[in-house]
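The structure displayed is predicted, hence computed values, not measured ones. Proteins get letters first, then strands, A, B, ... in listed order; numbering begins at 1 in each.
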2 protein chains.
Amino acid sequence: MTCPFCPPAQDNDELLIARLDICDLLLNRDQFFPGYCLLVSRRHISELFHLAQTERQAMMEEVNQVAAVLAALYRPAKMNYELLGNMVPHIHWHLIPRQTTDFLWPRPVWSEPHAPKHLSPAEYATAVVAIRAALTGKA
Amino acid sequence: MTCPFCPPAQDNDELLIARLDICDLLLNRDQFFPGYCLLVSRRHISELFHLAQTERQAMMEEVNQVAAVLAALYRPAKMNYELLGNMVPHIHWHLIPRQTTDFLWPRPVWSEPHAPKHLSPAEYATAVVAIRAALTGKA
């Protein structure tokens, strides 16, 4: 079975927000939960404890930095951080700003199926640019 | 509203596995997913980015250590790591060994409701002692 995260995102991927040291940050295609991002390890690895401590710490600082940026931009009631990988083991963090107004609040995002919400190319670009600017301190 | 994780677990809590530097480790009462643990911050805080970097790094090393121990004991197909807090914001990591034989595999544990699986006091004690021993290198 091929890994959907190998090779990494292409530079022209409309969902690519930033290449960080350890991970690539992508906007999730389904924006049912606005601001939902995926933080994808740049190398193929499946568990935190398979990483060397320095790499793991750097990854977790990226998780933290992205969560802080999404919280500042989207003003969620709570950030959700999930590392699952049951279907796609290649480490990818689900970082999801949760609003009290969202359909499933306060339950986990997986509690009920929903139709994916796709944006127009211009709307994807707006979100990507806003998150990228906040991440690089140019917001 | 009172926080169910303040004050912290009592020493005589049958689910308490270990007090680590940053978190308390508890067996989840519902053992529908065998080995499911909660790693609960010893202080009341709700987001990773509210922690100082040193404390956050220490917390994440505890998350990592516990995940490695659960993986060694339960031999899951995948560890799941989730920090949600929509209902109880006080940081508590859900650390869940997932088996390919479990009811919801490969979907997230929240995909469908299930009746909780409670153990006998002796069964809780067996799991708690086994995880504690592995955590302290005395397995």
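Of the listed residues (A/Pro76, A/Ala77, A/Gly85), the one with the most heavy-atom contacts under 4.5 Å to chain B is A/Gly85. Comparing B/Pro89, B/Ala71, B/Ala68 by heavy-atom pairs within less than 4.5 Å of chain A, the highest count is held by B/Ala68.
Of all residues spanning residues 98-123 of chain A, those with a heavy atom less than 4.5 Å away from chain B's heavy atoms are A/Arg98, A/Trp105, A/Pro106, A/Arg107, A/Pro108, A/Trp110, A/Ser111, arranged by number. The interface of residues 53-60 of chain A with chain B, defined by heavy-atom distances below 4.5 Å, comprises A/Gln53, A/Arg56, A/Gln57, A/Met60. Contacts between residues 6-15 of chain A and chain B, counted as heavy-atom pairs separated by less than 4.5 Å, involve no residue at all.
Screening residues 39-77 of chain A for ring pair (Phe, Tyr, Trp, His ring centres under 6.0 Å) gives A/His44-A/His90 as the qualifying pairs, with residues at least two apart or on separate chains.
Only the side chain of B/Glu61 comes within contact range of chain A, with at least one heavy atom under 4.5 Å from a heavy atom of that chain.
Heavy-atom minimum distance, B/Asn64 versus A/Leu48: OD1-C, 3.3 Å. Across all their heavy atoms, A/Asn80 and B/Asn86 have their closest contact at ND2-OD1, 2.8 Å. Between A/Met79 and B/Glu47, the shortest heavy-atom contact is N-OE2, 2.9 Å.
Checked by atom type and distance alone, the side chain of A/Lys78 pairs as donor or acceptor with a backbone atom of B/Ser46 at under 3.5 Å.
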